Amino acid sequence: MTVRTRFAPSPTGMLHIGGVRTALFSWLYARRHQGTFILRIEDTDRERSTDQAIQVILDGMKWLGLDADEGPFYQTQRYPRYREVIGQLLESGHAYHCYCSRADLDEMRAAQMARKEKPRYDGRCRHRTAPVEGVTPVVRFRNPDQGQVVVDDIVHGPIVFRSEELDDLIILRSDGNPTYNFCVSVDDWDMGITHVIRGDDHINNTPRQINMLRAMGATPPVYAHLPMILGPDGTKLSKRHGAVSVLEYKDAGFLPAALLNYLGRLGWSHGDQELFSLEELVQLFDLDAVNKSASALNPDKLAWTNQQHMMRLGGSALAPLLGEQLASRGVQVEGIDLAAVAEALKERTRTLAEMAEGSLFFFHDPTGYEPKAAAKNLTAETAPLLVAARAVLAGLPTPWSGAGIDAALKALAAELGAGLGKVAQPLRVAVCGSGVSPPIDATLAILGAETVLRRVDRAIAHARGS
RNA sequence: GCUCCCAUCGUCUAGAGGCCCAGGACACAGCCCUCUCAAGGCUGGUACGAGGGUUCGAAUCCCUCUGGGAGCGCCA
């Protein structure tokens, strides 16, 4: 039997990192077993579903490379099929019309709560034979009232529910729209899903779905319920946490492989290994190594993971991504080798956004000098140093090479009986405006002779004037 | 309230009875390297929720409690 998994988000809110983790595990499991991964949009809630949310799901999955083999399917396009199955269920006696008003139901629930019972439909319309005048009924699924349902969950092991705990849920609203648990069951069946991999907030829905599946004559799939992902403070994910659109992680400069690596390590592990390429994830992932307990997001570790992935990429692979970040900041990058910039910065910044911020001085002359750095490095005392360095640099053949710069500066330092830092730091401030940059040789080489000499001249003037 | 799920460092986790007075990673502190910042290396502190069992032996098995979470809708 070939594995078929699905990711079935409802477009009522933005696809966030928790949803992505669920999608990732389904996708990985399918890929790992040469199976099929299906994308299904559960949009039966017409009130709250939005096109924008659908677009984020599609764009997000595409950005991350979680490609679907089938779909996207939309539940709103499958209504004829749902009605057909409801007809069959009605026919076979597994479903019935219910005429209870919302007021009746509210009253019933209130009474049950008052008696400290679990609120549930009491089945009062189960044996009704005649319709109620002027009332459009809903359709309810007739749940078995004997025995038990065992959910044989891959990550949790067997979970037992007594049938009495389950009531007769509504499967067709009076407005003609079918409901969630029913649609899921029909879809999983029709789409031949073999493994339902989803958040463990669905554990309680599972026995109902199994019962419906059986009533329809289908064999229930295997279930694997994943632990929840919580915000950094250990509470439920919210907008202020990480429940923001996954595309915001793209804008923030995270690499898809890094985000997936980080998310893959939430609730799953492979010994002590922290860093995985996507290929390794596909190769090593398995459901039996999935945890049961919820895990909190750790932004620092995500950033660290991203940096590690950036460091494993070459500057040329990073260059276009850095280019996008710079473009969104309106930075002109002409005349500068972006690959060299990325290479120089990749082990100094944790995200592409940080890389873009840290690279700004490459693209325009400093508009001012960081006061503390200038006070130490652009002074009357260091001015002669800068003059000497300028002279040495001006004598170098163009285009400059990092090795040539390094040798020249070291020679100068030796001549002055000082360490390289003595010359490098004033130069650094002169050229970057601050005391932090990649190694001086690489920095100057990327900037090029013309720019460097111009900036050094300005800095000398500043140093003398201060 | 009822049902279900969960429980190892601050966080992510390793651990499937002796290899664990608990290992790795992020973060933190110190040191080394060093032209700054990083990266890298080394060192350090902090955890088996509690109580009962079972066993020669328990983080690992069982029970109770406690704590956290989810579900109980004509939401998904």
Side-chain angles (χ1 to χ4, degrees), chain A residues 8-13 42-45 47-49 75 98 100 102 105-106 109 112-121 136-140 151 153 156 159-162 164-167 169-175 177 179-181 183-184 199-207 225 227-228 230 232-236 262 265-275 291-305 307-308 311 345-350 358 373 377 406 409-410 413 419-425 427-429 432 434-441 443:
Chain A
S10 75
T12 52
E42 312 217 320
D43 56 351
T44 54
D45 184 347
E47 303 280 299
R48 299 193 299 148
S49 294
Q75 290 189 322
C98 168
C100 296
R102 289 172 203 249
L105 297 174
D106 288 346
R109 269 191 286 268
Q112 287 164 332
M113 291 286 255
R115 273 180 270 132
K116 296 185 193 279
E117 288 170 15
K118 180 176 181 171
R120 50 217 269 276
Y121 183 64
T136 312
V138 300
V139 176
R140 282 184 188 272
V151 178
D153 192 281
H156 292 273
I159 305 170
V160 182
F161 293 87
R162 287 177 302 129
E164 306 94 82
E165 293 298 332
L166 281 15
D167 63 355
L169 69 159
I170 291 171
I171 58 177
L172 186 72
R173 301 179 177 95
S174 53
D175 66 3
N177 285 307
T179 59
Y180 171 77
N181 278 113
C183 296
V184 167
D200 65 14
D201 48 338
H202 286 287
I203 287 181
N204 290 290
N205 288 327
T206 309
H225 287 98
M228 297 279 86
L230 311 171
D233 61 356
T235 66
K236 194 174 167 185
Y262 174 73
R265 278 286 288 101
L266 247 34
W268 174 84
S269 60
H270 181 73
D272 285 340
Q273 189 171 347
E274 296 289 350
L275 268 8
N291 271 166
K292 297 179 193 174
S293 51
S295 40
L297 249 22
N298 183 339
D300 279 323
K301 187 157 183 180
L302 168 60
W304 173 81
T305 305
Q307 179 173 31
Q308 293 297 319
M311 284 167 56
L345 249 30
K346 70 181 186 184
E347 61 188 24
R348 271 164 254 277
T349 53
R350 306 197 300 173
N377 297 290
D406 185 57
L409 257 25
K410 276 185 176 147
L420 179 56
K422 189 89 173 172
V423 260
Q425 203 53 13
L427 270 177
R428 173 171 284 119
V429 178
C432 316
S434 83
V436 176
S437 88
I440 197 69
D441 51 350
T443 302

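Atoms considered below: every heavy atom in the structure, side chains included; atoms not considered: hydrogens, waters and symmetry mates. Just so it is clear, the model here is predicted, and its values are computed rather than measured. Quick note on labels: first sequence line is chain A, next is B, and so on, each numbered from 1.
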_Nearest-nucleotide pick for A/A424, side chain only, options being B/C37, B/C35, B/C5_ = B/C35
*Write down the distance separating the C1' atoms in B/U43 and B/C33, rounded off to the nearest Å.*
15 Å
*asked:* Can you check the distance between B/G44 and B/A25, where both ends of the measurement are the P atom (answer in whole Å)?
replied: 13 Å
Kindly give the atom pairs (protein nitrogen or oxygen, nucleotide nitrogen or oxygen) under 3.5 Å for nucleotides 42-48 of chain B.
none

*asked:* Can you measure A/E47 atom CD to B/G73 atom C1' for me and round it to whole angstrom units?
replied: 14 Å
*asked:* Taking A/D45's backbone N and O only, do any of them form a donor-acceptor pair with A/S49's side chain (distance below 3.5 Å, no angle check)?
replied: yes
*If only side-chain N and O atoms of A/Q307 are considered, is one of them under 4.0 Å from the OP1 or OP2 phosphate oxygen of B/A39?*
yes
*Going by heavy atoms in the side chains, are A/T305 and A/L275 under 4.5 Å from each other?*
yes
_With rounding to the closest Å, how many angstrom separate the P atoms on B/G69 and B/C63?_
24 Å
*asked:* Under 4.0 Å from OP1 or OP2 of B/G40: is there any side-chain N or O of A/Q308 that close?
replied: yes
_Ignoring hydrogens and geometry beyond distance, is the side chain of A/S174 in donor-acceptor contact with the base of B/C74 at under 3.5 Å?_
yes
_Steps toward side-chain hydrogen bond (donor to acceptor under 3.5 Å, both in side chains) verdict (A/R428, A/Q425)_ = CA-CA 5 Å; A/R428 173 171 284 119; A/Q425 203 53 13; 2.7 Å; yes
*Set of residues satisfying salt bridge (charged side-chain N to carboxylate O under 4.0 Å, His left out) with respect to A/E42, sequence neighbours excluded*: A/R40
List, with names and distances, any nitrogen or oxygen atoms from the protein found under 3.5 Å away from nitrogen or oxygen atoms belonging to nucleotides 12-14 of chain B.
unit_1: B/C12; atom_1: OP1; unit_2: A/A296; atom_2: N; d: 2.9
unit_1: B/C12; atom_1: O2'; unit_2: A/R265; atom_2: O; d: 3.0
unit_1: B/C12; atom_1: O2; unit_2: A/K301; atom_2: NZ; d: 3.4
unit_1: B/U13; atom_1: OP1; unit_2: A/G267; atom_2: N; d: 2.3
unit_1: B/U13; atom_1: OP1; unit_2: A/S295; atom_2: OG; d: 3.4
unit_1: B/U13; atom_1: O3'; unit_2: A/S269; atom_2: OG; d: 3.0
unit_1: B/A14; atom_1: OP1; unit_2: A/S269; atom_2: OG; d: 2.7

*Go through the N and O atoms of the side chain of A/D43 and the base of B/A76, and report whether any donor-acceptor pair is under 3.5 Å.*
no
_Taking side chain to side chain contact (heavy atoms under 4.5 Å, CB included) as the criterion, tell me which of A/D233, A/L302, A/L266 meets it with A/L297._
A/L266
*List the steps and the verdict of side-chain contact (heavy atoms from CB on, under 4.5 Å) for A/T206 and A/H225.*
CA-CA 10 Å; A/T206 309; A/H225 287 98; 3.1 Å; yes
*asked:* Test your reading of the model: is there a side-chain donor-acceptor pair from A/Y262 to the backbone of A/W304, 3.5 Å cut-off?
replied: no
*Just call it for A/T44: base, sugar-phosphate, or nothing, with non-hydrogen atoms closer than 4.0 Å on any strand.*
sugar-phosphate
*How would you list, by chain and number, every residue that makes a salt bridge (charged side-chain N to carboxylate O under 4.0 Å, His left out) with A/D201, sequence neighbours excluded?*
none
*asked:* Measure CG/A/L166 against C1'/B/U3 and give the value in whole Å, please.
replied: 10 Å
*With a non-hydrogen cut-off below 4.0 angstrom, is A/E117 in contact with a base, only sugar-phosphate, or nothing?*
base
*Would you say B/G73 has OP1 or OP2 under 4.0 Å from some side-chain N or O of A/R109?*
yes
*asked:* Before you tell me yes or no, could you show the steps for A/Y121 and A/C98 under side-chain contact (heavy atoms from CB on, under 4.5 Å), namely the whole-Å CA-CA distance, both residues' side-chain angles and the distance that decides it to 0.1 Å?
replied: CA-CA 11 Å; A/Y121 183 64; A/C98 168; 3.3 Å; yes
*asked:* Say we look at B/C62 and B/U55: how far apart would their P atoms be, to the nearest angstrom?
replied: 16 Å
_Any donor-acceptor N/O pair, A/T44 side chain to A/T179 backbone, under 3.5 Å_ = no
*On RNA chain B, nearest-nucleotide positions of A/T349 versus A/K292: which is more 5'?*
A/K292
*asked:* A/D43 and side chain to side chain contact (heavy atoms under 4.5 Å, CB included): which single residue from A/P9, A/P11, A/S10, A/C183 fits?
replied: A/P11
_Nearest-Å distance once atom C1' is located in both B/G24 and B/U66_ = 30 Å
*For A/D406, all residues meeting salt bridge (charged side-chain N to carboxylate O under 4.0 Å, His left out), sequence neighbours excluded*: A/K410
*Provide, to the nearest angstrom, the distance between the NZ atom belonging to A/K422 and the C1' atom belonging to B/U36.*
15 Å
*Within the structure shown, what part of the strands sits under 4.0 Å from A/R115 by heavy-atom distance: base, sugar-phosphate, or nothing?*
nothing
*Could you say whether A/D167 or A/R162 is positioned toward the 5' end of RNA chain B, judged by the nucleotide with the nearest heavy atom to each?*
A/R162
*May I ask you to test the A/L169-A/Y180 pair for a side-chain heavy-atom distance under 4.5 Å?*
no
*Taking the side chain of A/Q425 as its heavy atoms from C-beta onward, which of B/U36, B/A76, B/C2 lies nearest to it?*
B/U36
What are the atom names and distances for every N/O pair under 3.5 Å that joins the protein to nucleotides 67-70 of chain B?
unit_1: B/A70; atom_1: O2'; unit_2: A/D201; atom_2: O; d: 3.3
unit_1: B/A70; atom_1: N3; unit_2: A/N204; atom_2: ND2; d: 3.4

*asked:* Taking B/A59 as the reference, what is the distance to B/G23 when you measure between their P atoms (whole Å, please)?
replied: 14 Å
*Roughly how far apart, to the nearest Å, are B/A39 and B/U34 at atom C1'?*
11 Å
*B/C72 C1' sits how many Å from A/I170 CD1, rounded?*
14 Å
*So what does A/K118 hit on the nucleic acid, given a heavy-atom distance under 4.0 Å: a base, only sugar-phosphate, or nothing?*
base
